[in-house]
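These numbers were taken from a predicted model, which means no experiment stands behind them.
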Amino acid sequence: RIEDISQSLLTYERRFSQVNAFFCLLKKSERFQQLSLKYGLQQLNKIIDEKTIYIEKAETLEAWLECILASKDWYALNYAVDAWGKGGYGNKISYDYQAARMRAQGDIRRVFVLDGREDYEQLKRTMAKQQEIDVKVKWILRSELDQISDVTDCVKAIGSWDFSLVDNQSWLFKFHLDENKQIQGCTITTRPDLVKVANDVYKEAWVSGHKLDTSPQQQ
């Protein structure tokens with residue numbers, strides 16, 4: 001049947017495109033290349049295009065740990081809540097990995113994006129623990145960012161309020177969140193357009209952000 005032949009050709013074309021994208025990924029930067037090889041070989045449909053890999057929820061902690069430990073610098077906007085379980089293995093080991101990165105002369109900076117004072121009170125201890133391992137920390141209300149020209153449109157293009165610029169802003173690691181700000185997966189990409197808009201948003205957040213000892217009521 002013509003319909004069956006057509007469907008077979010479409011399936012073949014899609015798989016060929018994924019294989020081609022996989023080998024194109026291997027031409028990128030060394031760290032991005034390693035991640036492409038590991039996660040791309042597991043399942044080709046995780047490769048969105050030659051610049052982008054999608055990683056499922058169950059693998060996000062492992063992927064994040066690999067990236068944070070090997071990165072030179074990590075400039076992040078944080079919006080996810082209770083990323084890997086309150087007080088659980090993921091949260092504990094994430095501090096250990098970041099501390100190791102800092103001891104190796106890494107540079108980690110975080111701007112926590114908050115919905116209000118309640119978020120500040122809940123995350124104040126987390127932010128303080130980050131500072132204890134020499135991570136540079138600020139916070140900002142999401143409503144403040146929404147008031148800055150083009151930020152909302154940029155975040156829509158990025159697809160998340162929770163992302164990190166890595167290795168001198170050469171690539172982007174972003175978490176996909178549900179309506180409760182819980183992690184549902186992550187994407188790693190070297191797409192220049194997304195890296196640029198993410199860098200624009202991060203810079204606005206860092207410049208406008210507040211130090212930990214300044215609470216929302218003191219604004």
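Judged by distance alone, the side chain of D167 and the main-chain N or O of K72 form a donor-acceptor pair under 3.5 Å. Judged by distance alone, the side chain of T60 and the main-chain N or O of C186 form no donor-acceptor pair under 3.5 Å. Using modelled atom types, one side-chain atom of S208 and one backbone atom of E204 make a donor-acceptor pair closer than 3.5 Å. At distances below 3.5 Å, not a single donor-acceptor pair connects side-chain atoms of R142 with backbone N or O atoms of L145. Here the side chain of S170 pairs a donor or acceptor atom with the backbone of V166 at under 3.5 angstrom.
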Could you walk me through whether H210 and E144 pass the side-chain contact (heavy atoms from CB on, under 4.5 Å) check?
CA-CA 11 Å; H210 313 287; E144 293 179 274; 3.0 Å; yes
Q98/R110 under side chain to side chain donor-acceptor pair (under 3.5 Å): CA gap, chis, key distance, verdict:
CA-CA 12 Å; Q98 289 180 88; R110 297 191 178 281; 2.9 Å; yes
Test side-chain contact (heavy atoms from CB on, under 4.5 Å) on I55 and F175 and set out the steps.
CA-CA 9 Å; I55 298 172; F175 284 120; over 6 Å; no
Please lay out, stage by stage, how L114 and L123 fare under the test side-chain contact (heavy atoms from CB on, under 4.5 Å).
-> CA-CA 9 Å; L114 313 178; L123 289 170; 3.5 Å; yes
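The pair D213-K211 does not count as a salt bridge, with every side-chain nitrogen at least 4.0 angstrom from each carboxylate oxygen. Using a 4.0 Å cut-off between a side-chain N of Lys or Arg and a carboxylate O of Asp or Glu, D107 and R109 qualify as a salt bridge. Contact check on D119 versus K181 returns a salt bridge, with a Lys/Arg side-chain nitrogen under 4.0 Å from an Asp/Glu carboxylate oxygen. Of the charged side-chain nitrogens involved, at least one lies within less than 4.0 Å of a carboxylate oxygen, so that E121 and K124 count as a salt-bridged pair.
Annotation: K203, atom NZ; neighbour count of heavy atoms from other residues, nucleotides and ligands within 6.0 Å does not exceed 12.
The structure places CG of D96 at 9.5 Å from CG of L65, a figure rounded to the nearest 0.5 Å. Atoms CD1 and CG, on I108 and D73 in that order, are 9.5 Å from each other to the nearest 0.5 Å. Atom OG of S71 sits about 11.5 Å away from atom CG of L165, to the nearest 0.5 Å. Residue K174 holds its NZ atom at 12.5 Å from OG of S164, rounded to the nearest 0.5 Å. For the atom pair OG1 of T189 and CZ of F173, the computed distance is 12.5 Å after rounding to the nearest 0.5 Å.
No hydrogens or angles considered: nothing links the side chains of H176 and S160 as a donor-acceptor pair under 3.5 Å. Judged purely by distance below 3.5 Å, without hydrogens or angles, the side chains of T152 and D146 pair a donor atom with an acceptor atom. Side-chain contact, Q184 with D178: a donor N or O sits under 3.5 Å from an acceptor N or O.
Nearest heavy atom pair, residue M102 against residue I133, reads CG-O, 3.3 Å. The minimum heavy-atom distance linking P216 with R117 is given by the pair CD-NH1, 3.6 Å. Closest non-hydrogen pair, L172 versus I158, comes out as CD2-CG2, 4.4 Å. In plain terms, the two heavy atoms of A100 and L69 that are nearest each other are CB-CD1, 4.1 Å. Residues I140 and A205 approach most closely at CD1-O, 4.2 Å, considering heavy atoms. Contact detail for A80 and I183: the closest heavy-atom pair is CB-CG1, 4.0 Å.
Taking the six-membered ring where tryptophan is involved, the planes of Y202 and W206 are essentially parallel, since the angle between them stays under 30° and well short of 60°. Between W74 and W171, the ring planes are perpendicular. Angles over 60° get that label, and only those under 30° would be called parallel.
The shortest distance between side-chain heavy atoms of L77 and V201 falls below 4.5 Å. Residues Q131 and L212 meet the side-chain proximity criterion, which asks for heavy atoms closer than 4.5 Å. When side chains are defined from C-beta on, T187 does not count as touching I53, because their heavy atoms never get closer than 4.5 Å. Side-chain contact check for D115 versus L141: every heavy-atom pair is 4.5 Å or farther apart. Side-chain contact between K57 and Q182 is absent, with no heavy atoms from C-beta onward closer than 4.5 Å.
Residues forming a side chain to side chain donor-acceptor pair (under 3.5 Å) with D200 (at least two apart in sequence, or on another chain): K196. Under the rule for a ring pair (Phe, Tyr, Trp, His ring centres under 6.0 Å), F163 has no partner lying at least two apart in sequence or in another chain.
Partner of W139 under the ring pair (Phe, Tyr, Trp, His ring centres under 6.0 Å) criterion, chosen from Y79, Y120, F112: Y120.
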